Amino acid sequence: MHIDVILDARAKPQELAELGRLAERFGVHGVWVSSLLDARDPFASLGLLAQTSSRIRLGPIAVNPFDTHPVKIASALLTLNEMAGGRGQIVIGGGGEALQSLGIRPDRRVRAVRECVEILRAAASGQRVTYTGELFRVSGLQLRWLEAAAPRILVGASQQQMLRMAAGCADGIMLSDMPPGPARAALGELDAALRSRGRERHDFHTTVFTAWHVYPDRQQALREGRRWLLLRGIFRPWLLAEFLAPEDVALVMQGQPAFARAFAAGSHVVDGVPDRILDALVENVTISGSTDDLEPVLAKLRHLKAAGLGGIALRLYTDPAASIRLIGERVIPAL
């Protein structure tokens, strides 16, 4: 099982490079940096790491074709990939917090992501590209300067239509904040789609975005997990039904404004939502725990591996360097 880390996109490029090189030394497979409206540009921010590392994969997550045209995404990705000697990677998604802030309505998400991936692939071939899609068009594009091997292109996919589309055009998928049960179901959908296209999962990259809150103080870990719940994709009733009673699912769905207020205030207390529900959310959609008792954390990772995932991408928060050392010294060997 590959372990990737997801670093704070607001960090300086020098900090990202230092953390990325540390991750490389500790055997981490890849580094991701989120594409956020209020953060530094992820492609540019990873440039220094690309030039000062030798093995680790690196790229942005999750870039969408609604606020940036696929040709411009291709140019940025292939430039980063060249700097990294073919170690570039990207997750293409159909949403993101920037869209709401910019007033962009992401219509026809599956089609838009598919056309974006197809344009990226065509551009990475170095051949002359003329593409006529339903949403995007390219006429006579050719990137004659390409030298490195093509980057890895993943799709951010969790539900049926996006999974089926990704099986036909991508190198892999990244699920989002999923416990083992829903992850296993999603991979079942993926397998059926891959087989229908004559493909197999052994050459298709599968991973899941998961928050990592593991510190010496277990209460610190749980409080931090609660503070970030708004971004954990918890407002999906079909996912909550895996571990909450129907009345508790309804309470979470009704509590969206309260979760948003707590997040804005940096609080681990969500008005109107009992502690037992908050704890259940943290337990099921994050990797949280104490370094003094790491076995429950390792068990969660093993369950995700047993669900069929080939990798996991851990979003690091407080003291990412300490988290990277912990992952390298105690998690990677255990898996």
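These numbers come from the heavy atoms of this one structure, side chains and all, not from hydrogens, waters or symmetry mates. Residue numbers start at 1 and run along the sequence shown. These numbers come from a predicted model, not from an experiment.
You'll find the side chain of E115 stays beyond 4.5 Å of the side chain of P70, heavy atoms only. Between L78 and L120, every side-chain heavy-atom pair lies at or beyond the 4.5 Å cut-off. Counting heavy atoms from C-beta outward, L141 and I119 have side chains that stay 4.5 Å or more apart. L229 is not listed as a side-chain neighbour of V270, based on a closest heavy-atom distance of 4.5 Å or more. A 4.5 Å side-chain heavy-atom check between L281 and F243 finds at least one atom pair inside the cut-off. Here the side chains of Q220 and T318 are in contact, with some heavy-atom distance below 4.5 Å. Under the 4.5 Å side-chain criterion, counting only non-hydrogen atoms from C-beta, L278 is not in contact with L222. In this structure, the side chains of I92 and I73 come closer than 4.5 Å at one or more pairs of heavy atoms.
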Step by step, work out the side chain to side chain contact (heavy atoms under 4.5 Å, CB included) result for D177 and R236. CA-CA 11 Å; D177 306 291; R236 294 176 284 182; 3.8 Å; yes
Could you check R330 against T291 for side chain to side chain contact (heavy atoms under 4.5 Å, CB included), going step by step and ending with a plain yes or no? CA-CA 10 Å; R330 299 178 61 187; T291 56; 4.3 Å; yes
Take L239 and V285, measure what side chain to side chain contact (heavy atoms under 4.5 Å, CB included) needs, and give me the verdict at the end. CA-CA 9 Å; L239 186 145; V285 301; 3.9 Å; yes
Walk me through it: do E18 and K12 pass the test salt bridge (Lys or Arg N to Asp or Glu O under 4.0 Å)? CA-CA 10 Å; E18 183 176 350; K12 293 181 178 179; over 6 Å; no
May I have the step-by-step check of side chain to side chain contact (heavy atoms under 4.5 Å, CB included) for Y131 and V71, ending in yes or no? CA-CA 11 Å; Y131 182 92; V71 167; over 6 Å; no
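For the pair S290 (side chain) and P216 (backbone), a donor-acceptor distance under 3.5 Å is present. A donor-acceptor pair is defined here as one N or O able to donate and one able to accept, closer than 3.5 Å; no such pair exists between the side chain of E118 and the backbone of C169. At distances below 3.5 Å, not a single donor-acceptor pair connects side-chain atoms of N81 with backbone N or O atoms of L77. The main-chain N or O of E283 is found under 3.5 Å from a side-chain atom of K300 such that the two form a donor-acceptor pair. Judged purely by atom type and a 3.5 angstrom limit, S125 uses its side chain to pair as donor or acceptor with the backbone of Q127. R201 places a side-chain N or O within 3.5 Å of a backbone atom of G308 that can act as its donor or acceptor partner. Not one N or O on the side chain of D4 forms a donor-acceptor pair closer than 3.5 Å with the backbone of A313. Judged by distance alone, with hydrogens and angles left aside, the side-chain atoms of E189 form no donor-acceptor pair with the main-chain N or O of Q160 at under 3.5 Å. A donor-acceptor pair is defined here as one N or O able to donate and one able to accept, closer than 3.5 Å; such a pair exists between the side chain of T130 and the backbone of G140. Proximity of a side-chain donor or acceptor of T207 to a complementary backbone N or O of G311 within less than 3.5 Å is detected.
Side chains of T286 and R232: no donor on one and acceptor on the other come within 3.5 Å. In the model, S53 has a side-chain atom that pairs as donor or acceptor with a side-chain atom of R87 under 3.5 Å.
Shown here is R128, whose CZ atom has no more than 12 heavy atoms of other residues, nucleotides or ligands within 6.0 Å. Within 6.0 Å of CZ in R137 there are 12 or fewer heavy atoms belonging to other residues, nucleotides or ligands. In this structure, R315 places its CZ atom where more than 12 heavy-atom neighbours from other residues, nucleotides or ligands lie under 6.0 Å away. More than 12 non-hydrogen atoms from other residues, nucleotides or ligands lie less than 6.0 angstrom from CD of E247.
Partner of E224 under the side-chain hydrogen bond (donor to acceptor under 3.5 Å, both in side chains) criterion, chosen from Y317, Y215, W212: Y215.
In summary, D275 and R226 engage in a salt bridge, as defined by a charged side-chain N under 4.0 Å from a carboxylate O. A salt bridge links R276 to D248: one of the charged nitrogens lies within less than 4.0 Å of a carboxylate oxygen. Salt bridge R10/E15: absent, no basic N to carboxylate O contact under 4.0 Å. The residues D171 and R121 are annotated as salt-bridged, a charged nitrogen and a carboxylate oxygen being separated by less than 4.0 angstrom.
W228 and F263 have perpendicular rings, their planes meeting at more than 60° on a 0 to 90° scale where under 30° would count as parallel.
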